[in-house]
Each structure stands twice: as C-alpha cells, then as structure tokens.
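If you're wondering where the values come from, they're calculated on a predicted model, not measured in any experiment.
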Amino acid sequence: MNLHCFDSEPAWIDGVCSIWRDRLRTTPDLKICLPSGTTPAGIYAEMVRSVRAELVSFAHASVFALDEFGGVAADDPGRTSHTLRRQLIDDVDLPPQGFHSLNPDHPDIAQHCADYDAAIGDGFDLMLLGIGLNGHLGMNEPGSPVNSPTRRVELHGGTIQSSARYFAHQDLPRWGLTVGLDAVLTSKEVWVVANGAAKADIVQRTVRGEIGPSNPASLLRRHPNCSLFLDAAAGSLLNRRDLA
Ligand code: PGA
C-alpha cells in the first residue's frame with residue numbers, strides 16, 4: 001500500500017486530481033468505480049473544473065457507481081447515484097451510456113447484481129474509495145467475504161447513523177447494494193481517499209493493524225497497486241516510518 005500524505009486538504013485534492021487527470025489522458029477509456037458522499041466532494045468539484053477548463057475529458061470513460069441505498073424512494077436526493085450525479089456526472093462530458101448505477105428497486109436483485117458484475121467485465125482499471133469509520137469499503141461492512149460479488153447487504157448501525165447527513169428525513173436506509181470486495185481486490189488500481197481527524201484512527205488501523213475481514217480496508221494491504229491519499233489530519237496518527 002503506497003501512502004501519500006498532504007499538508008492540507010487543498011493539496012490533497014490537487015494531488016488526487018492531478019494523478020486522476022494523468023490516468024484519463026493515458027487511458028481515455030478508463031473504467032472507473034466511484035463512491036459518492038462527503039469525502040470525495042472536493043475532488044469531484046476539482047475534476048468538474050478540470051473538464052470545464054478542457055484539461056481532461058470523460059468522453060470515452062465509463063463510470064460505475066460503487067453502491068446504492070435501498071428502501072428509500074427512487075427519487076430521494078440522498079440516493080448515492082443522485083449524489084454522484086450532482087457531484088460529478090451531470091457536470092462532466094461523460095456520455096449518458098457511460099454511467100452505470102445500481103437499482104435497489106429492481107424486481108430481481110440477484111440478477112441485477114449479476115448483470116452489474118457482467119457489465120464490469122474483466123475488472124476496473126481504477127477504483128476510488130472512501131473509508132468508513134469501521135473500515136467498510138463501499139457497503140462492504142466488516143465480515144464481508146473477500147470474494148464477495150455485487151450484492152444486497154445489511155448496513156451496520158454506525159453506517160446507518162452516518163447516512164443521516166444525506167437524507168432530509170429520519171427513515172434511514174438499513175440496507176443497500178454494493179460492488180463486492182472481489183471487484184475491489186481485483187481492480188487494477190485502487191485509491192483510498194480520507195480526510196479529516198475523524199478518519200485518523202481507522203487509517204492508522206488500516207495501515208498498521210491486523211489484516212483481515214474485521215477491517216475490510218486492511219485487506220488492501222495485500223493489493224499490488226493500492227494507494228492511500230490522506231490529508232494531514234487523517235494521517236495524524238501515522239508515524240514517519242509509515243509515511244517513508
Ligand atoms: P464518508 O466516508 O461518508 O465520510 O465519505 C466514506 C464511507 O463511509 O465509505
């Protein structure tokens with residue numbers, strides 16, 4: 001796992017976006033899996049600016065949403081695909097057929113998830129992931145099997161509480177659909193992004209703690225091409241040896 005720690009949040013955003021622009025230039029048809037949410041918001045805003053400034057293009061890329069909340073209305077603005085659209089997809093030059101998202105209202109969830117994995121095909125070129133306070137990746141909560149496919153999952157209590165910020169009501173989702181750990185661990189390249197002091201403890205446990213399913217993010221230490229991008233606050237419990 002390669003560690004990149006930046007002095008400030010703006011430097012962290014610039015660092016991630018600069019390498020992302022490079023990847024899109026060298027591989028215009030990049031197959032990318034993206035989360036929505038708080039952590040990547042500034043990164044997406046910078047990528048939108050980059051596209052508007054014609055520094056980079058998503059015209060030939062394909063983007064797969066990492067996960068989706070179930071049990072909320074299809075038009076609920078808190079659904080992850082709506083958030084991702086607002087944050088990035090609607091403001092870049094990705095063609096409509098280039099965006100793939102999960103539908104928890106599908107009448108045959110198992111088939112829908114199998115079709116999503118089939119559309120992913122031979123794996124992602126790049127996955128961008130946040131890290132949950134319990135180490136979850138997407139909605140792969142602690143205990144998720146390493147070979148798990150895209151599937152329906154039950155959310156842990158802390159994840160349900162954290163989702164409250166995305167919803168204007170109290171009826172929070174208790175389950176979701178998520179790309180599985182199999183796709184994460186076989187993606188050609190994985191970037192985990194974390195900012196803010198609240199993530200310092202899980203970042204430290206991910207980098208130094210035991211590797212195993214009780215902290216899904218720790219499994220990425222076995223990935224051959226995984227990078228962790230941190231701002232100073234998220235990396236504050238790491239020492240010089242970790243960052244060397
Ligand atoms: P966030 O965390 O909600 O702070 O972006 C990422 C996650 O829980 O996966």
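Under the 3.5 Å distance criterion, with hydrogens and angles disregarded, a donor-acceptor pair is assigned to the side chains of Tyr166 and Thr38. The closest side-chain donor-acceptor pair between Asp117 and Thr150 falls under 3.5 angstrom. If you check the side chains of Asp125 and Thr27, you find no donor sitting under 3.5 Å from an acceptor.
A distance of 4.5 Å separates SG of Cys226 from CG of Leu220, quoted to the nearest 0.5 Å. If you take SG on Cys17 and CG on Asp22, they are separated by 11.5 Å, rounding to the nearest 0.5 Å. With rounding to the nearest 0.5 Å, the separation of CD in Glu68 from CH2 in Trp175 is 9.5 Å. Rounded to the nearest 0.5 Å, atoms CD1 (Ile19) and CG (Asp14) are 13.0 Å apart. Rounded to the nearest 0.5 Å, atoms CG (Leu66) and OG (Ser36) are 8.5 Å apart. Leu172 contributes atom CG, which lies 7.5 Å from atom CD1 of Ile160 (distance to the nearest 0.5 angstrom).
Of all heavy-atom pairs between Ser101 and Ser81, the closest is CB-CB, 3.8 Å. Between Gly70 and Pro173 the shortest heavy-atom distance is O-CB, 3.3 Å.
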- With salt bridge (charged side-chain N to carboxylate O under 4.0 Å, His left out) as the test, would you mind laying out the steps for Asp91 and Arg52 before giving the verdict? CA-CA 9 Å; Asp91 291 325; Arg52 287 189 176 145; 3.6 Å; yes
- Using the side chain to side chain contact (heavy atoms under 4.5 Å, CB included) rule, take Phe69 and Leu177 through it: C-alpha gap first, then chi angles, then the decisive distance, then the call. CA-CA 7 Å; Phe69 291 114; Leu177 303 183; over 6 Å; no
- From CA spacing to verdict: side chain to side chain contact (heavy atoms under 4.5 Å, CB included), Val193, Leu230: CA-CA 6 Å; Val193 292; Leu230 309 170; over 6 Å; no
- Item | Intermediate values then yes/no, side chain to side chain contact (heavy atoms under 4.5 Å, CB included), Ile89 and Val63 | CA-CA 9 Å; Ile89 304 297; Val63 172; 3.9 Å; yes
- Item | Verdict with supporting geometry, Val190 and Asn225, side chain to side chain contact (heavy atoms under 4.5 Å, CB included) | CA-CA 6 Å; Val190 178; Asn225 191 3; over 6 Å; no
- Decide yes or no on salt bridge (charged side-chain N to carboxylate O under 4.0 Å, His left out) for Glu210 and Arg205, but give the supporting numbers first. CA-CA 8 Å; Glu210 193 181 321; Arg205 286 192 282 130; over 6 Å; no
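For the pair Val203/Leu237, no side-chain contact is recorded, criterion being any heavy-atom separation below 4.5 Å from C-beta on. Residues His4 and Ser227 form a side-chain contact, since some pair of their non-hydrogen atoms from C-beta on lies under 4.5 Å apart. By the 4.5 Å heavy-atom criterion applied to side chains, Ile43 and Trp12 are counted as neighbours. Taking the side chain as every heavy atom from C-beta outward, Pro145 and Pro213 never approach each other to under 4.5 Å. Taking 4.5 Å as the limit, some side-chain heavy atom of Val207 sits within range of a side-chain heavy atom of Leu3. Between Ser57 and Pro28, the closest side-chain pair of non-hydrogen atoms is not below 4.5 Å. Leu30 is not listed as a side-chain neighbour of Phe124, based on a closest heavy-atom distance of 4.5 Å or more.
Here the side chain of Thr206 pairs no donor or acceptor atom with the backbone of Ala217 at under 3.5 angstrom. A donor-acceptor distance shorter than 3.5 angstrom exists from the side chain of Thr80 to the backbone of Asp67, with no hydrogens or angles considered. Side chain of Ser187 to backbone of Glu189: a donor-acceptor contact under 3.5 angstrom is found. Without hydrogens or angle criteria, Ser50 side chain to Val56 main chain gives no donor-acceptor distance under 3.5 Å. Put simply, the side chain of Ser148 never gets that close to the backbone of Ser144: no donor and acceptor are under 3.5 Å apart.
Residue pairs meeting the salt bridge (Lys or Arg N to Asp or Glu O under 4.0 Å) criterion with at least one partner in residues 216-238, sequence neighbours excluded, are absent. Every pair passing salt bridge (Lys or Arg N to Asp or Glu O under 4.0 Å) that includes a residue from residues 27-50 is listed here, sequence neighbours excluded: Arg21-Glu46, Lys31-Asp122, Glu46-Arg49. Annotation: salt bridge (Lys or Arg N to Asp or Glu O under 4.0 Å) contacts involving residues 97-106, sequence neighbours excluded, comprise Arg79-Asp105. Counting only residues at least two apart or on different chains, the ring pair (Phe, Tyr, Trp, His ring centres under 6.0 Å) pairs with a member in residues 70-100 are Phe64-His100.
When the shell of 6.0 Å around CG of Asn2 is examined, it contains more than 12 heavy atoms from other residues, nucleotides or ligands. Within a 6.0 Å sphere centred on NE2 of His60, heavy atoms belonging to other residues, nucleotides or ligands number 12 at most.
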Considering only distance and modelled atom types, tabulate donor-acceptor pairs under 3.5 Å from the side chains of residues 127-141, sequence neighbours left out.
from, atom 1, to, atom 2, distance (Å)
Asn134, OD1, His136, N, 3.0
Asn134, OD1, His136, ND1, 3.2
Asn134, ND2, Glu141, OE1, 2.9
His136, ND1, Glu141, OE1, 3.1
His136, ND1, Thr159, OG1, 3.3
Asn140, OD1, Arg151, NH1, 2.9
Asn140, OD1, Arg151, NH2, 2.9
Asn140, ND2, Leu137, O, 2.9
Asn140, ND2, Val179, O, 2.8
Glu141, OE1, Thr159, OG1, 3.3
Glu141, OE2, His156, N, 2.8
Glu141, OE2, Thr159, OG1, 2.7

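Residues satisfying the ring-ring contact (aromatic ring centres under 6.0 Å, His included) test with His223, not counting sequence neighbours, are none.
Remark: aromatic rings of Trp191 and Phe229 are close, center separation under 6.0 Å.
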